[in-house]
Amino acid sequence: MPRETLQTLTEPMYYVLLSLTEPRCGIEIMDRSRELSGGRVVIGPGTLYTMLAKFEENRLIAHAEVPDAPERGIGGAKRKHYLITGAGIATLRQEYDRLARMAADGREIMEGLT
């Protein structure tokens with residue numbers, strides 16, 4: 001049976017969506033994902049922009065207007081800001097619930113191990 005697109009999220013995908021509860025540009029998304037994960041998740045630009053394209057294609061994120069943000073970033077590249085959509089929030093909540101169920105399922109067993 002083929003796996004449904006974005007049925008479950010990878011750890012980097014999860015942290016990228018978490019970081020987009022506020023409008024952010026690429027470097028801000030990478031920094032916030034690292035911060036939220038306590039440094040465990042480090043996402044490079046190539047991985048990030050591939051992920052953002054997939055999220056946009058699936059309408060989980062959208063471009064956001066940020067009036068006070070600098071128009072250009074390092075190297076003069078135009079900054080694009082992104083924000084999670086309602087569909088993205090639903091996907092993020094579904095993944096959060098799945099992870100919480102997995103942790104709860106294993107809690108009793110793991111606490112009983114010596």
Side-chain angles (χ1 to χ4, degrees):
M1 175 165 66
R3 185 175 153 212
E4 186 179 328
T5 302
L6 301 176
Q7 181 181 2
T8 59
L9 301 176
T10 64
E11 191 172 16
M13 289 172 138
Y14 181 78
Y15 282 101
V16 166
L17 286 179
L18 273 179
S19 75
L20 288 173
T21 56
E22 295 179 10
R24 298 188 197 285
C25 69
I27 190 73
E28 293 169 332
I29 295 167
M30 291 186 285
D31 290 346
R32 184 67 174 144
S33 295
R34 185 179 311 114
E35 178 186 324
L36 288 170
S37 69
R40 275 190 344 276
V41 175
V42 178
I43 303 167
T47 300
L48 176 67
Y49 287 102
T50 299
M51 203 181 302
L52 292 175
K54 183 176 212 93
F55 286 161
E56 275 190 289
E57 178 183 314
N58 286 276
R59 296 188 171 98
L60 302 183
I61 65 170
H63 287 274
E65 293 296 322
V66 181
D68 297 338
E71 187 174 316
R72 304 261 175 211
I74 297 171
K78 185 165 175 60
R79 285 189 178 184
K80 293 180 184 176
H81 288 78
Y82 303 88
L83 184 64
I84 195 167
T85 63
I89 291 170
T91 298
L92 184 59
R93 185 171 307 282
Q94 180 180 335
E95 184 66 8
Y96 173 83
D97 291 344
R98 184 184 76 82
L99 294 170
R101 279 191 311 275
M102 286 175 56
D105 292 345
R107 183 172 291 118
E108 184 178 332
I109 292 170
M110 296 305 295
E111 289 174 355
L113 295 176
T114 55

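Note that the structure is a prediction, hence the values are computed from the model and not measured.
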Between [atom1] on residue [X] and [atom2] on residue [Y], distance to nearest 0.5 Å:
X: M30; Y: C25; atom1: CE; atom2: SG; result: 8.0 Å
X: T91; Y: I61; atom1: OG1; atom2: CD1; result: 11.5 Å
X: L60; Y: L92; atom1: CG; atom2: CG; result: 9.5 Å

What residues form a side-chain hydrogen bond (donor to acceptor under 3.5 Å, both in side chains) with [X], not counting sequence neighbours?
X: E57; answer: none
X: E35; answer: R32
X: E95; answer: R98
X: Y14; answer: none

Q. Which residue pairs pass the side-chain hydrogen bond (donor to acceptor under 3.5 Å, both in side chains) test when at least one of the two sits in residues 101-110, sequence neighbours left out?
A.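 Matches after skipping sequence neighbours: none remain.
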Q) Would the number of heavy atoms belonging to other residues, nucleotides or ligands and lying under 6.0 Å from OH of Y96 be above 12? A)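 No, not enclosed.
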Q: Check whether I27 and F55 end up in the same hydrophobic cluster, where Ile, Leu, Val, Met, Phe, Trp and Tyr are linked by side-chain heavy atoms less than 4.5 Å apart.
A: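 Per the 4.5 Å side-chain linkage, I27 and F55 are co-clustered.
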Name each donor-acceptor pair under 3.5 Å that joins a side chain in residues 16-23 to protein atoms two or more places apart or in another chain, with its distance.
unit_1	atom_1	unit_2	atom_2	d
S19	OG	V16	O	2.7
T21	OG1	L18	O	3.3

Q: Quick one: list whatever passes side-chain contact (heavy atoms from CB on, under 4.5 Å) with A53, sequence neighbours left out.
A: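 Partners of A53 under the side-chain contact (heavy atoms from CB on, under 4.5 Å) test: none.
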Q | T47: partners by side-chain contact (heavy atoms from CB on, under 4.5 Å), with sequence neighbours left out | A |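 For T47, the residues satisfying side-chain contact (heavy atoms from CB on, under 4.5 Å) (neighbours in sequence not counted) are I43, M51.
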Q: Test Y82 against R24 for side-chain contact (heavy atoms from CB on, under 4.5 Å), laying out the working first.
A: CA-CA 6 Å; Y82 303 88; R24 298 188 197 285; over 6 Å; no
Q. Is the closest side-chain heavy-atom distance between L52 and I29 below 4.5 Å?
A.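 Side-chain contact under 4.5 Å: yes.
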Q) Under the salt bridge (Lys or Arg N to Asp or Glu O under 4.0 Å) test, which residues partner R93, sequence neighbours left out? A)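 Result, salt bridge (Lys or Arg N to Asp or Glu O under 4.0 Å) vs R93: none returned.
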Q) So, the side chain of T85 versus the backbone of R59: is there a donor-acceptor pair under 3.5 Å, distance only? A)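 Checking the backbone N and O of R59 against the side chain of T85, a donor-acceptor pair under 3.5 Å is found.
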